[in-house]
Peer 1: 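This is the structure I want to talk about, given as structure tokens.
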Amino acid sequence: MRLLLLAPPGAGKGTQARRISEHFGIPHISTGELFRQHVAEGDELGKSVQAYVEGGDLVPDDVVLAIVRQAVEEAMNSSSGYLLDGFPRNLHQAREGAHLAKQLGASADAVLHLEVGEDELLRRLLGRTEGRVDDNEATIRHRLEVYRTQTVPLLDYYRGRGLLININGEQPVDDVTSEAIKALDA
Ligand code: AMP
């Protein structure tokens with residue numbers, strides 16, 4: 001199973017990604033997690049992406065695509081599947097990602113979209129205590145804006161390709177997971 005997971009900040013993307021990838025026994029690739037690890041290690045890549053991650057801006061596409069290529073290659077070698085959490089975030093990444101996946105024989109089978117209304121997102125984000133450096137109010141509002149302008153156009157892109165599966169992300173966490181698994185099994 002090869003999956004992409006699209007969701008706005010605060011929709012429970014990381015939690016659902018962990019559960020769904022575990023259920024299907026496929027590697028969970030979170031681009032945000034990978035970037036945060038590099039930032040924490042203070043290596044070259046980390047230094048080059050730190051300001052973007054902390055400000056809630058998108059990391060440049062060439063950097064993202066390089067890290068995704070490596071992670072997908074590793075996933076395909078170890079399990080022939082993957083769940084990509086947080087990629088793609090804009091149309092250019094989607095097109096380049098599809099091209100790359102084709103080359104690797106790793107095209108996505110489905111794109112899961114967790115739907116959560118903006119009021120609910122703000123309520124959750126402003127109340128959460130994960131202590132991420134991008135979790136202050138100004139950055140949260142900026143990340144929502146980036147999602148709306150850059151990432152939302154991907155919904156039409158994937159709908160047009162017959163890949164999009166919408167899941168109601170406002171339900172209790174367990175119900176979101178089971179709705180997603182049920183839709184994927186079908
Ligand atoms: P996330 O954990 O998915 O919310 O990602 C956290 C941050 O990592 C984002 O706000 C971006 O700065 C960066 N990031 C993660 N994935 C991508 C991507 N596909 N393209 C550009 N930036 C990304």
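None of the values given here were measured: they were computed from a predicted structure. One-based numbering, in listed order, for ligands and for the atoms of each.
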Peer 1: Please state which part of Val146 comes within less than 4.0 Å of ligand 1, counting heavy atoms only: side chain, backbone, both or neither.
Peer 2: neither
Peer 1: Does an N or O from Leu58, backbone or side chain, lie closer than 3.5 Å to an N or O of ligand 1?
Peer 2: no
Peer 1: Could you name the option among Arg36, Glu54, Lys13, His142 that has the heavy atom nearest to atom 6 (C) of ligand 1?
Peer 2: Arg36
Peer 1: Within a distance under 4.0 Å of any heavy atom of Tyr52, pick out the atoms of ligand 1 and give their elements.
Peer 2: 12 (O)
Peer 1: How about His28 and Arg18: do any of their side-chain heavy atoms sit closer than 4.5 Å?
Peer 2: yes
Peer 1: Say you draw a straight line from CD1 of Ile20 to CG of Leu3; how long is it, rounded to the nearest 0.5 Å?
Peer 2: 7.5 Å
Peer 1: Starting from atom 16 (N) of ligand 1, what is the nearest protein heavy atom, named by residue and atom, and what distance separates them?
Peer 2: Thr31 OG1, 2.7 Å
Peer 1: Among all protein heavy atoms, pick the one closest to atom 5 (O) of ligand 1 and tell me residue, atom and distance.
Peer 2: Arg89 NH2, 3.2 Å
Peer 1: Test Ile29 against every option in Val72, Ile67, Leu5 by the side-chain contact (heavy atoms from CB on, under 4.5 Å) rule and name the one that passes.
Peer 2: Val72
Peer 1: Between Val59 and ligand 1, which part of the residue brings a heavy atom under 4.0 Å of the ligand: side chain, backbone, both or neither?
Peer 2: both
Peer 1: Any chance CG of Asp62 has more than 12 other-residue heavy atoms, nucleotides or ligands included, within less than 6.0 Å?
Peer 2: yes
Peer 1: Sort out for me which residue in Gln103, Glu74, Glu96 forms a side-chain hydrogen bond (donor to acceptor under 3.5 Å, both in side chains) with Arg69.
Peer 2: Gln103
Peer 1: Does Arg161 make a cation-pi contact with Tyr157, if we ask for NZ or CZ under 6.0 Å from the ring centre and within 45° of the axis?
Peer 2: yes
Peer 1: Any idea which atoms of ligand 1 are less than 4.0 Å away from a heavy-atom of Gln93?
Peer 2: 18 (C), 19 (N), 20 (N), 21 (C)
Peer 1: Please identify which atoms of ligand 1 are closer than 4.0 Å to at least one heavy atom of Asp57.
Peer 2: 11 (C), 12 (O)
Peer 1: Just to be sure I read this right, does ligand 1 sit under 4.0 Å from the backbone of Phe35, its side chain, both, or neither, counting only heavy atoms?
Peer 2: side chain
Peer 1: Could you tell me whether Glu120 and Arg123 have a side-chain N and a carboxylate O separated by less than 4.0 Å?
Peer 2: yes
